[in-house]
Amino acid sequence: MVKRFFSTELLEWYERSKRDLPWRRHRDPYYIWVSEIMLQQTRVDTVIPYFHRFIERFPTLQELAEAPEADVLKLWEGLGYYSRARNLQRGAQQVMELHGGQVPNDKLAVAALKGVGPYTTGAIMSIAFNQPVPAVDGNVMRVLSRYFLIEDDIMKNATRAGMEVLIEQLIPEGRASDFNQALMELGALVCTPKSPHCLTCPVMMHCEGRLAGMELQLPVKSKAKPPRPEFRTVALVEGTGREAGRVLVRQRPAAGLLASMWELPHMLLQEAPGVAAEATDEQAMDLLIQELAFSGLYTRPLGPYMEAEHTFSHIHWNLRVYRMEQLAASVAAEAGVRYEAAAALEENMARSLWITREDMALHAFPKVFLTILNRYFDEREQTYK
DNA sequence: AAACCGGGGGT
DNA sequence: ACCCCAGGTTT
């Protein structure tokens with residue numbers, strides 16, 4: 001039977017070809033869990049150094065559960081999808097409270113953990129506990145859609161659910177861990193999206209997609225909407241006096257995009273479409289000056305500094321960064337600037353900080369702001385030498 | 001079902 | 001420039 005052939009050949013190939021990955025060196029459910037969360041929408045080579053640093057800092061689930069959230073975010077800095085880190089820590093706290101610190105060997109209990117969906121449930125149950133639970137990710141859907149010539153849209157939840165049923169029938173007795181990992185390994189190393197290596201594929205002989213010459217058309221996947229462009233004006237405010245040598249950063253709200261991350265102050269240029277992109281430097285700087293003054297900080301513009309871009313799944317940021325200089329309140333008063341709003345907005349400023357380059361090690365920044373800040377501090381050091 | 005949620009690497 | 005990646009949560 002074709003299905004039996006598939007599982008047997010696949011397992012034999014996996015034993016021969018599997019990569020030596022850090023999380024394959026033990027069966028600690030906590031390590032499996034951390035690796036699976038990091039691997040969501042992220043390549044193996046990217047994850048490996050993050051995994052080592054994370055486990056070194058949080059060797060046990062309990063240490064993760066009890067850590068400050070800021071420490072967790074800092075270790076996740078640059079990986080993206082930061083809610084993964086927040087949910088992983090919440091999940092660890094759930095395990096401490098509900099399961100005495102041991103990841104439960106129970107499908108429903110695992111699925112109830114924060115940040116653990118159908119895929120990760122299957123990955124933990126099978127890889128850590130060798131339980132026959134499907135773990136259907138993008139790799140698995142690509143392999144199955146080709147091998148069984150399934151033309152359903154893999155963007156639909158129903159397609160994934162159908163493939164889970166199929167996988168349940170394919171898992172060999174007692175081999176759930178190896179079988180699920182073998183499927184993903186095949187998708188990662190052989191049955192790749194663009195140029196599948198069919199000639200070295202262990203299951204090529206019975207691959208219906210290949211036999212039909214359809215391997216490059218599969219899987220069928222509906223297109224995602226392109227990210228909407230946003231034009232933003234960014235303030236790189238240099239401190240003066242007591243804050244000399246420091247730059248103003250602020251923390252984002254605890255929910256939503258880049259939750260709790262730190263950044264340079266910036267704002268959306270929300271003119272009519274097309275106009276935002278063409279706002280003059282003077283207009284863009286004026287907006288920042290007004291916004292900062294509203295928070296009780298008086299500044300004067302020094303001029304354009306650099307441009308940067310940052311793409312999310314659904315938004316594309318076009319950033320124009322302006323250097324600005326902190327103005328002492330007394331100077332601002334002499335210049336006729338009114339600042340009675342300052343006291344009322346103390347709490348607004350509570351989420352702002354003046355930082356040095358060394359302070360960057362204490363706060364997590366999205367990549368684009370790391371790039372800007374590092375360039376600025378680099379050039380500043382050069383100037384002083 | 002669709003939108004929201006980062007960043008990097010392959011092609 | 002576009003696609004894809006060991007997805008999950010929210011609406």
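Convention: sequence-line order gives letters A, B, ...; per-chain numbering from 1.
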Exercise for the section: Assign each of A:R24 and A:G115 to its nearest nucleotide of DNA chain C by heavy atoms, then name whichever residue's nucleotide is nearer the 5' end. Expected result: A:R24

Phosphate contact ([N] OP1 or OP2) by [X] side-chain N/O below 4.0 Å:
{"X": "A:K223", "N": "C:dC3", "result": "yes"}
{"X": "A:K114", "N": "C:dT10", "result": "yes"}
{"X": "A:T120", "N": "C:dG8", "result": "yes"}

Whole-Å distance separating the [atom1] atom of [X] from the [atom2] atom of [N]:
{"X": "A:N139", "N": "B:dG10", "atom1": "CG", "atom2": "P", "result": "15 Å"}
{"X": "A:K194", "N": "B:dG10", "atom1": "NZ", "atom2": "P", "result": "13 Å"}
{"X": "A:Q41", "N": "B:dG6", "atom1": "CD", "atom2": "P", "result": "12 Å"}

No-H, no-angle donor-acceptor pair, [X] side chain to [N] base, under 3.5 Å:
{"X": "A:R84", "N": "B:dC5", "value": "no"}
{"X": "A:T192", "N": "B:dG10", "value": "no"}
{"X": "A:Y119", "N": "C:dG7", "value": "no"}

Practice task
For the pair A:W317 and A:F312, name the ring-plane relationship: parallel under 30°, tilted 30 to 60°, perpendicular over 60°.
Solution key: perpendicular

Between [M] and [N] - [atom1] atom distance, rounded Å:
{"N": "C:dG8", "M": "B:dG9", "atom1": "P", "value": "23 Å"}
{"N": "C:dA6", "M": "B:dC5", "atom1": "P", "value": "23 Å"}
{"N": "B:dG8", "M": "C:dT9", "atom1": "C1'", "value": "23 Å"}

Counting side-chain heavy atoms from CB outward, which of [options] is closest to [X]?
{"X": "A:N157", "options": "B:dA1, C:dA6, B:dG6", "result": "B:dA1"}
{"X": "A:K221", "options": "B:dG6, B:dG8, C:dC5", "result": "C:dC5"}
{"X": "A:L39", "options": "C:dG8, B:dG9, C:dA6", "result": "C:dA6"}

Problem - Aromatic ring proximity, centroids under 6.0 angstrom, A:H206 and A:F148 - result: no

Handout entry: Ring centers of A:W23, A:F51 separated by less than 6.0 Å
Key = yes

Practice task
Give one of base, sugar-phosphate or nothing for A:S313, where a contact means two heavy atoms less than 4.0 Å apart.
Solution key: base

Fill in the blank from the handout: Taken in chain and number order and not counting sequence neighbours, the residues that satisfy salt bridge (Lys or Arg N to Asp or Glu O under 4.0 Å) with A:E185 are A:R19, A:R24

Practice task
Validate the cation-pi geometry between A:R380 and A:F377: distance from NZ or CZ to the six-membered ring centre under 6.0 Å, angle to the ring axis within 45°.
Solution key: no

Practice task
Could you please name the partner base of B:dG6, counting Watson-Crick and G-U wobble pairs only when both distances are under 3.5 Å?
Solution key: none

